[in-house]
Each structure stands twice: as C-alpha cells, then as structure tokens.
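Naming: A, B, ... by sequence-line order, numbering from 1 per chain.
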2 protein chains.
Amino acid sequence: MTAIKETSTNFENKRIVQFQCPVSFTLEKIGGRWKPLILFNLQKGPLRYGELKRCIPPITEKMLIQHLKELEADGLVERKSLPVVPPHVTYSLTTAGKSLNTILDGMAEWGLAQQNQG
Amino acid sequence: MTAIKETSTNFENKRIVQFQCPVSFTLEKIGGRWKPLILFNLQKGPLRYGELKRCIPPITEKMLIQHLKELEADGLVERKSLPVVPPHVTYSLTTAGKSLNTILDGMAEWGLAQQNQG
DNA sequence: TTTGATACTTACTTTAGGGTTAGTACTTGC
DNA sequence: GCAAGTACTAACCCTAAAGTAAGTATCAAA
C-alpha cells in the first residue's frame, strides 16, 4: 500500500481524531474515493473481481484491490477464492459490512436531496 | 484555499464519482479530518470562533477557518459577525446542516459498536 | 508601552492518497 | 505462436490535503 510516517503531526492528529470521534472512525472505514462505490455495488450481492471492475469503469486495478484489501482488513468485506485456473475470486459484504447499509442509504438520500436543491 | 488542477485524472474521477454516487457527494461535504468534529460541536448550538478552537485543541487556526469556510460555502454552517472591536463571530448549523444530525448519529453509533468489538 | 484578546491571512513545507505503466502465472481458443 | 482472459503486484510520479510559522488590525488593561 503506502508507507506511512508514524511520527508526523498529521499521523498523530489522525489517531487522536479517530479515537475521540466515532464519526471520524467510521469515515476512516468507508471514506476514500472508491469505497462507497465498492460497498454500494456489493450491497446487491457477491461479485467477482472482474465484475466489480466493470461496475466501476474509471477505477484502476491498483485502487480496486487496494481498497478491497483495506475493506477486508477492516472486516467489512469477505474474499473467497477458488484455486482454479483461471482464478475465481468473489467479494461479498460481511455482517459488519451489511450493517452499514442503513447509514449508506441515509447518506445517499441526503446527497440526492442536496443535489436537487443546489 | 488551494489551487486545484482541473485537468488531472484525479480531478476528473472526483467529479465523475460525486456525480454518479450520492454517498460520495455527501462524504465530500462532511469528510476531511476536522469537519465531523466541527459539525458535532455545533450540534449543541452556536459557537464563537475561539470557542470552537478550544473545543478542538489539536486543530490549527488555518484548518479551522478553511473548513468553516467550506462548510459555509456548502450551506451547512452560517457565519454571523458583529462589527465590533474586538470582533465577535459566531458559527451555527443551518437547516441543511442540522438535517445531517441523524446521519452523523448513525455513524457515531456504528463507529462505537465497531470499536467495542475490535 | 508592552501584553492580551479577538478573528483571521499568507507563504511555505510535508505527507498520504491517488494515478500511470508495466509485468506476473496459467490456460484456452484462434 | 500469439492474443485474451483471470486476478493481481510493483515501481514510480503527481497533487491535494494537512501542517508550520509568522503576520494583520483594533482596542483595553496593566
């Protein structure tokens, strides 16, 4: 992924904020450019790596696996691979991942309402 | 604020994603390191600039006004200033800003639940 | 006359997120 | 033999977000 510098004020503040504010903690898990899109697409059901890629055309492969790995590490997404050739890998939401649905729906609703007014 | 480069893929993707995904649109408004903290503190009622600063010790003054200005530009926060010396400025949530409360509460709840399990 | 309080502003540097390009291993179909 | 499809990996670069440090104007109190 990316090497992070654990001595910077930037890093320290990130930790402080996430520790003190549960909203920031949540945003850390579902934020970033592509995570909402990934989670949204997985809401309908499991998808293979290539299918996800096709669902989100502008994403690069690097960004896609990077975010999938983070989501997996955070326990929101589950990876299942069949050891066949060619490889067959599916990604799906875990229980924790599914528990985000109401929040994501709320955000989507708010976003649409705002867009229609602006 | 910061000059942005409107020709980069980065910028283009940002636009595409926000246009196509209302969740990303919402995250753009309330994301960033300090916005959740600011919105949270204003939920209780209007605060002066200096009071806000004291509520969020690690934030720098630059970051505080920068985010306040963005929130104001997005219509989530209202700035009222009395033209006195020394200056007296208060910030409060607008109707749109207050309409975020349920979402923020949902995120806080989810974050706390996750933290207690992790 | 220096200090403190108010609410900022400006110029500069650092860092983390995102993007580009190319390559991996294996097999099937042309 | 070469391309195409599978799911990645690795090296590198660029930029937006965040942080640092200092300065602005005005007045009152010590």
Side-chain angles (χ1 to χ4, degrees), chain A residues 1-18 24 27-28 30-38 46-70 72 77 79-91, chain B residues 1-18 24 27-38 46-54 56-70 72 77 79-91:
Chain A
M1 246 72 80
T2 332
I4 48 177
K5 209 184 171 186
E6 310 201 350
T7 52
S8 63
T9 307
N10 194 350
F11 180 78
E12 246 313 287
N13 279 347
K14 187 173 174 179
R15 271 198 48 245
I16 292 173
V17 161
Q18 278 185 52
S24 300
L27 282 176
E28 171 68 16
I30 65 174
R33 175 153 314 156
W34 305 106
K35 278 182 189 166
L37 269 301
I38 294 172
L47 286 176
R48 296 182 61 177
Y49 173 82
E51 291 173 322
L52 257 177
K53 174 83 185 72
R54 265 169 262 128
C55 286
I56 314 174
I59 198 173
T60 62
E61 308 209 333
K62 182 204 168 195
M63 283 297 114
L64 182 53
I65 18 149
Q66 182 177 310
H67 282 117
L68 282 171
K69 278 186 179 176
E70 288 173 14
E72 198 194 350
V77 155
R79 189 190 107 112
K80 280 182 194 146
S81 80
L82 299 181
V84 295
V85 167
H88 186 108
V89 180
T90 59
Y91 290 92
Chain B
M1 246 72 80
T2 333
I4 49 177
K5 208 185 172 185
E6 310 201 352
T7 53
S8 62
T9 308
N10 195 350
F11 180 79
E12 246 313 286
N13 279 347
K14 187 172 174 179
R15 271 198 49 245
I16 292 173
V17 161
Q18 277 185 54
S24 299
L27 282 176
E28 171 68 17
K29 304 299 176 196
I30 65 174
R33 175 152 314 156
W34 304 107
K35 279 183 189 164
L37 270 301
I38 295 173
L47 286 175
R48 296 182 62 176
Y49 172 83
E51 291 173 321
L52 256 177
K53 174 83 187 72
R54 264 168 261 130
I56 314 173
I59 198 173
T60 63
E61 308 209 330
K62 182 204 167 197
M63 284 295 114
L64 181 54
I65 18 147
Q66 182 176 312
H67 282 117
L68 281 172
K69 278 186 180 177
E70 288 173 15
E72 197 194 351
V77 156
R79 189 189 107 111
K80 280 183 193 145
S81 81
L82 299 182
V84 294
V85 169
H88 185 108
V89 180
T90 58
Y91 291 91

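Projected onto DNA chain C by closest heavy-atom contact, B:Arg48 and A:Thr7 fall at different nucleotides, the more 5' of which corresponds to B:Arg48.
Atoms CD1 and CG, from A:Ile59 and A:Leu52 in turn, are 8.0 Å apart once rounded to the nearest 0.5 Å. The OH atom of B:Tyr91 sits 8.0 Å away from the NZ atom of B:Lys69 when rounded to the nearest 0.5 Å. Residue B:Met63 holds its CE atom at 13.0 Å from CD1 of B:Ile56, rounded to the nearest 0.5 Å. In this structure, the separation between NE2 on A:His67 and CD on A:Glu70 is 5.0 Å, given to the nearest 0.5 Å. Once rounded to the nearest 0.5 Å, the distance linking OG1 of B:Thr60 with NZ of B:Lys53 reads 7.5 Å. Summarising the geometry, atom CG belonging to B:Leu47 is positioned 11.0 Å from atom CD1 belonging to B:Ile38; distances are rounded to the nearest 0.5 Å.
Atoms CD (A:Glu61) and C1' (D:dG5) sit 11 Å apart, rounded to a whole Å. Atoms CZ (A:Arg15) and P (C:dA16) sit 14 Å apart, rounded to a whole Å. The CD1 atom of A:Ile16 sits 13 Å away from the C1' atom of D:dG19 (whole-angstrom rounding). Atom CD in A:Glu70 sits about 11 Å away from atom C1' in C:dA16, given to the nearest Å. For A:Lys5 and C:dA16, the NZ to C1' distance is 12 Å, given to the nearest whole Å. Nucleotide C:dG23 holds its P atom 17 Å from the CD1 atom of A:Ile65, rounded to whole Å. In this structure, the CD atom of B:Glu12 is 16 Å from the C1' atom of D:dT15, given to the nearest Å. Rounded to whole Å, the distance from CZ on A:Phe11 to P on D:dG19 is 13 Å.
Heavy-atom minimum distance, A:Leu37 versus B:Ser24: CD2-OG, 3.7 Å. Looking at every heavy atom in both residues, B:Gly31 comes nearest to A:Leu27 through CA-CD1, 4.3 Å.
Under 4.0 angstrom from either OP1 or OP2 of D:dG19 there lies no side-chain N or O belonging to A:Ser8.
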Each nucleotide N or O in nucleotides 19-21 of chain C that has a protein N or O under 3.5 Å away: list the pair and distance.
| from | atom 1 | to | atom 2 | distance (Å) |
| --- | --- | --- | --- | --- |
| C:dG19 | OP1 | A:Arg33 | NH1 | 3.2 |
| C:dG19 | OP1 | B:Asn13 | ND2 | 2.5 |
| C:dG19 | OP2 | A:Trp34 | NE1 | 3.1 |
| C:dG19 | N7 | A:Lys62 | NZ | 3.1 |
| C:dG19 | O6 | A:Lys62 | NZ | 2.1 |
| C:dT20 | OP1 | B:Thr9 | OG1 | 2.7 |

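Proximity of a side-chain donor or acceptor of A:Arg33 to a complementary backbone N or O of B:Asn10 within less than 3.5 Å is detected.
Remark: B:Arg48 engages B:His88 in a side-chain hydrogen bond (donor to acceptor under 3.5 Å, both in side chains) (not counting sequence neighbours).
Annotation: salt bridge (Lys or Arg N to Asp or Glu O under 4.0 Å) contacts involving residues 6-15 of chain A, sequence neighbours excluded, comprise A:Glu12-A:Arg15, A:Lys14-A:Glu28.
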What's the verdict on side chain to side chain contact (heavy atoms under 4.5 Å, CB included) for A:Leu64 and A:Trp34, showing C-alpha distance, side-chain angles and the deciding distance?
CA-CA 8 Å; A:Leu64 182 53; A:Trp34 305 106; over 6 Å; no

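Near DNA chain D, meaning a heavy atom under 4.0 Å from it, residues 49-56 of chain A has A:Tyr49, A:Gly50, A:Arg54 in order of number. The stretch residues 80-88 of chain B touches DNA chain C through B:Pro86, B:Pro87, each having a heavy atom within less than 4.0 Å of the strand.
Each of C:dC8, D:dA18, C:dT15 was ranked by its minimum atom distance to the side chain of B:His67; first place goes to D:dA18.
In the helix from C:dT1-D:dA30 to C:dC30-D:dG1, the rotation axis of the first five pairs and that of the last five pairs differ in direction by 30°, rounded to 10 degrees.
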